[in-house]
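In what follows, a single structure is set out as structure tokens and then discussed.
It should be emphasised that the depicted structure is a prediction, and the values quoted were computed from it without experimental measurement.
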Amino acid sequence: MLIARDPDTGEYLAGVGIKRHDAHGNELSVGTEAAARGRGLARRLVAQAARRVLDEGAVPTYLHALDNNASAKVAEAAGFPDRGWSVYGI
């Protein structure tokens with residue numbers, strides 16, 4: 001997990017986790033406090049986590065709900081463009 005804290009107060013601002021599904025695919029999950037949104041924190045955290053996953057020899061994925069426009073913007077900015085793929089679960 002990587003987190004961003006306010007440099008003055010130490011307050012938590014945003015964080016990204018890596019869900020290690022197996023040795024080949026790792027899903028990234030990010031969250032940003034409402035007051036800290038719009039600063040590019042999620043984008044930078046996701047990009048850094050993706051680099052780490054790639055360095056470890058796995059493939060990073062970033063999923064979001066179709067109606068989550070903020071998360072879609074983070075995905076695009078961090079290098080995860082919309083390819084029109086869908087995930088179906090059971």
Side-chain angles (χ1 to χ4, degrees):
M1 173 173 235
L2 300 170
I3 62 170
R5 294 189 178 275
D6 184 289
D8 298 323
T9 67
E11 178 183 6
Y12 170 87
L13 300 175
V16 64
I18 301 172
K19 299 176 186 177
R20 299 180 192 282
H21 294 292
D22 58 33
H24 308 289
N26 296 183
E27 180 184 349
L28 307 179
S29 178
V30 67
T32 304
E33 292 294 316
R37 292 181 184 150
R39 300 184 197 177
L41 297 172
R43 174 190 53 80
R44 291 192 305 259
L45 288 169
V46 168
Q48 181 63 37
R51 283 190 292 274
R52 176 158 184 175
V53 169
L54 289 168
D55 286 348
E56 293 173 353
V59 176
T61 59
Y62 182 97
L63 306 173
H64 60 84
L66 291 175
D67 62 349
N68 188 337
N69 294 326
S71 192
K73 288 179 183 179
V74 168
E76 184 77 30
F80 292 89
D82 184 354
R83 301 276 191 221
W85 300 344
S86 295
V87 175
Y88 296 96
I90 310 176

List, one per line, each side-chain donor-acceptor pair under 3.5 Å for residues 69-83, sequence neighbours excluded.
{"from": "Ser71", "atom 1": "OG", "to": "Tyr62", "atom 2": "OH", "distance (Å)": "2.7"}
{"from": "Asp82", "atom 1": "OD1", "to": "Gly84", "atom 2": "N", "distance (Å)": "2.7"}

Please list, one pair per line, the donor and acceptor atoms closer than 3.5 Å that link side chains of residues 13-23 to other protein atoms, with sequence neighbours excluded.
{"from": "Arg20", "atom 1": "NH1", "to": "Asn26", "atom 2": "OD1", "distance (Å)": "3.2"}
{"from": "Arg20", "atom 1": "NH1", "to": "Glu56", "atom 2": "OE1", "distance (Å)": "2.7"}
{"from": "His21", "atom 1": "NE2", "to": "Glu27", "atom 2": "OE1", "distance (Å)": "2.8"}
{"from": "Asp22", "atom 1": "OD1", "to": "His24", "atom 2": "N", "distance (Å)": "2.7"}
{"from": "Asp22", "atom 1": "OD1", "to": "Gly25", "atom 2": "N", "distance (Å)": "2.8"}

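The shortest heavy-atom contact between Val30 and Ala42 is CG2-CB, 3.8 Å. Nearest heavy-atom pair, Leu2 versus Ala49, reported as atom, atom and distance to 0.1 Å: CD1-N, 4.0 Å.
Grouping Ile, Leu, Val, Met, Phe, Trp and Tyr residues whose side-chain heavy atoms lie under 4.5 Å apart, directly or via other members, places Ile3 in a hydrophobic cluster with Met1, Tyr12. In this structure, Leu66 shares a hydrophobic cluster with no other residue, the cluster being traced through Ile, Leu, Val, Met, Phe, Trp and Tyr side chains under 4.5 angstrom apart.
Side chains of Arg43 and Val46 form no contact here, defined as non-hydrogen atoms less than 4.5 Å apart.
The distance from the CG atom of Leu45 to the CG atom of Leu28 is 10.5 Å, given to the nearest 0.5 Å. Taken from CG in Asp6 to CG in Leu41, the straight-line distance is 10.0 Å, to the nearest 0.5 Å.
A salt bridge (Lys or Arg N to Asp or Glu O under 4.0 Å) check over residues 60-69, counting only residues at least two apart or in different chains, returns nothing.
Every residue two or more places apart in sequence or in another chain was checked for a side-chain hydrogen bond (donor to acceptor under 3.5 Å, both in side chains) with Arg37, and none qualifies.
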